[in-house]
Each structure stands twice: as structure tokens, then as C-alpha cells.
Engineer: 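Mind looking over this structure? Questions follow.
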Amino acid sequence: MTSTDPNPVVTVPPHASRIRTFHPRRGRMTGRQVDALDRLWSAYGLTVSEDPAAPVDLAALFGRRAPIVLEIGSGMGDATATMAADDPRRDYLAVEVHTPGIANLLGLVERLGLGNVRVARGDALDLVRALPDGSLDAVHVFFPDPWPKSRHHKRRIIQPAHVALLRSRLATGGTLHCATDWAEYAESMRETLTADPGLVDVHGGYASRPAHRPVTKFERRALTAGRPVFDLVHRRA
Ligand SMILES: C[S@@+](CC[C@H](N)C(=O)[O-])C[C@H]1O[C@@H](n2cnc3c(N)ncnc32)[C@H](O)[C@@H]1O
């Protein structure tokens, strides 16, 4: 590797840190969500292993070879389900820690008859470490927890080591799309993404809101409060 290598080797130790990027939260599930989880988990679910020696076989998981979009922190799953329904040529792998959100997405998968969605339960960073290099067509990080206090910035998912890890799993030309309504985080994301030597800024700064990104509760809340939303799209060089 030379200093000009656009895709430097990533050396993120698997368990470099147990600093989590999510809030531990309890959530009550509705009867419908409990039912969806019981019936649909075995067909569409994947438990994320913390063991980096347990790679995920994406072709086996989806039962075909198609471009794959990784949806990090899929929340209640509405955006994932809408995008997957609109984009049947690609497969969508959602990863979330919040069980009611996972169950909700499973219900949507059934109701909309989506064959191209799988739902992983666990830490997205562990999942990403278990994916082959270059295996993703796109990574979406929509409205990640902003961790606004300075002492919590280390919990943010968009930070240099995580971006290098995500970039290594993108295919050449694959995109990393982030969106946030937290202006200071947006600026930090922009700096971090621009500084990554293997990423190219597709729009030269903030992108216009892409039509294919559905409006979720977080975006509606931001717009109602008068906060702008920032989209950033970078692609692997
Ligand atoms: C603010 S919510 C946004 C949800 C969704 N993307 C949306 O726009 O509606 C952030 C979500 O990311 C999840 N999350 C944060 N860090 C995560 C991680 N390391 N692995 C999996 N999920 C994570 C949280 O549980 C939470 O549901």
C-alpha cells in the first residue's frame, strides 16, 4: 500500500471498543409486533454475532445474488420497507437493536410481500465487520442518534474509524448516504466523510433531498420544528 492508495486497508480491531452508538432502551411491543416476531423471525431474521470469525453469507441469506443496501439503524422500518418495495432489483439488509422496530419491520415485510428484505438484530458495527469487503452497493445511515453532548461524541456512528470500516464493505462506486437534522452533527459528518481517503463526495457538499428517501417520523419532527435536514452522499473511489 502506498500513501496514495485510495482504499487503504482498514485496521479496526473487532472489539476496539464497547462504546455503543445506541441508547439502551426498553420497548413494549404491540400484540401485532409480538406475533410478527414469532412467526417471521426464522424466515427473515439474522442474529448478529459479536464473533468476527463468523462471516455472513449474503447470497445464502437472500437466496440470490443482487446488489445489497445496508440500512443502519432502521428504527420502525417504514423507510426500509418503502425503499425495498420501490427497488425490487436490490436486496435490503436492515440492522437494528430495538426489538419493537425489528418486529414492526417484519410485519411490514409480510404485509407488503417483500422478498428482498432481511432484518438483523444487534450492533450494526459487529454486522459490518462480518460482511465481506466490497459486498455492499449502498449503506444508509438515516437520522442516526445525534449524541449532542461533547462528552458523548465518541458514541456517534459517523466517526473516522467507523467510516473507514463502512467504506471497506462498499463495492467500488458504492455509496454511503447519511442524513441528519442535527446541524452540528451534519458538519462533523461532512468533515469526516470528506477526510476519508477512499471516498468521493458525489454532490460536493450537502445534497438536495433525494426523492427515494422516504420521510420518517424523525424527519417530520425536524421539519415541524423548523430544522433543516442534511443529506450527504459519498461513493467509494
Ligand atoms: C434516531 S433513530 C432513526 C431511525 C430511522 N433510521 C429513521 O430515520 O426513522 C436511530 C436508530 O438507530 C439505532 N441504532 C443506533 N446505533 C445502532 C447500532 N450500532 N446498531 C444497530 N442499530 C443502531 C437505534 O436503535 C435507533 O432505532
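Start at 1 and go down the list; that is how both ligands and their atoms are numbered.
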Engineer: According to the side-chain hydrogen bond (donor to acceptor under 3.5 Å, both in side chains) rule, which pairs have a member within residues 143-152, sequence neighbours left out?
Structural biologist: none

Engineer: Residues in side chain to side chain donor-acceptor pair (under 3.5 Å) with Y206, at least two apart?
Structural biologist: E187

Engineer: Just wondering, do T82 and D86 contact through their side chains at under 4.5 Å, heavy atoms?
Structural biologist: yes

Engineer: Run the side-chain donor-acceptor check on residues 131-138: report pairs under 3.5 Å with partners two or more places apart or on a different chain.
Structural biologist:
unit_1: D133; atom_1: OD1; unit_2: R169; atom_2: NH1; d: 3.0
unit_1: S135; atom_1: OG; unit_2: P132; atom_2: O; d: 2.7
unit_1: D137; atom_1: OD2; unit_2: R90; atom_2: NH1; d: 2.8

Engineer: Between R209 and D231, is there a side-chain N and carboxylate O pair less than 4.0 Å apart?
Structural biologist: no

Engineer: May I have the N/O to N/O pairs between ligand 1 and the protein that fall below 3.5 Å, each with atom names and distance to one decimal?
Structural biologist:
unit_1: ligand 1; atom_1: 6 (N); unit_2: G73; atom_2: O; d: 2.7
unit_1: ligand 1; atom_1: 6 (N); unit_2: F142; atom_2: O; d: 2.7
unit_1: ligand 1; atom_1: 8 (O); unit_2: T216; atom_2: OG1; d: 3.2
unit_1: ligand 1; atom_1: 9 (O); unit_2: T216; atom_2: OG1; d: 3.2
unit_1: ligand 1; atom_1: 16 (N); unit_2: T21; atom_2: OG1; d: 2.8
unit_1: ligand 1; atom_1: 19 (N); unit_2: T21; atom_2: OG1; d: 2.8
unit_1: ligand 1; atom_1: 19 (N); unit_2: D123; atom_2: OD1; d: 3.0
unit_1: ligand 1; atom_1: 20 (N); unit_2: A124; atom_2: N; d: 2.8
unit_1: ligand 1; atom_1: 25 (O); unit_2: R25; atom_2: NH2; d: 3.4
unit_1: ligand 1; atom_1: 25 (O); unit_2: E96; atom_2: OE2; d: 2.5
unit_1: ligand 1; atom_1: 27 (O); unit_2: R25; atom_2: NH2; d: 2.7
unit_1: ligand 1; atom_1: 27 (O); unit_2: E96; atom_2: OE1; d: 2.8
unit_1: ligand 1; atom_1: 27 (O); unit_2: E96; atom_2: OE2; d: 3.2

Engineer: Using the ring of each side chain (for Trp, its six-membered ring), is F218 parallel, tilted or perpendicular to F143, with breaks at 30° and 60°?
Structural biologist: parallel

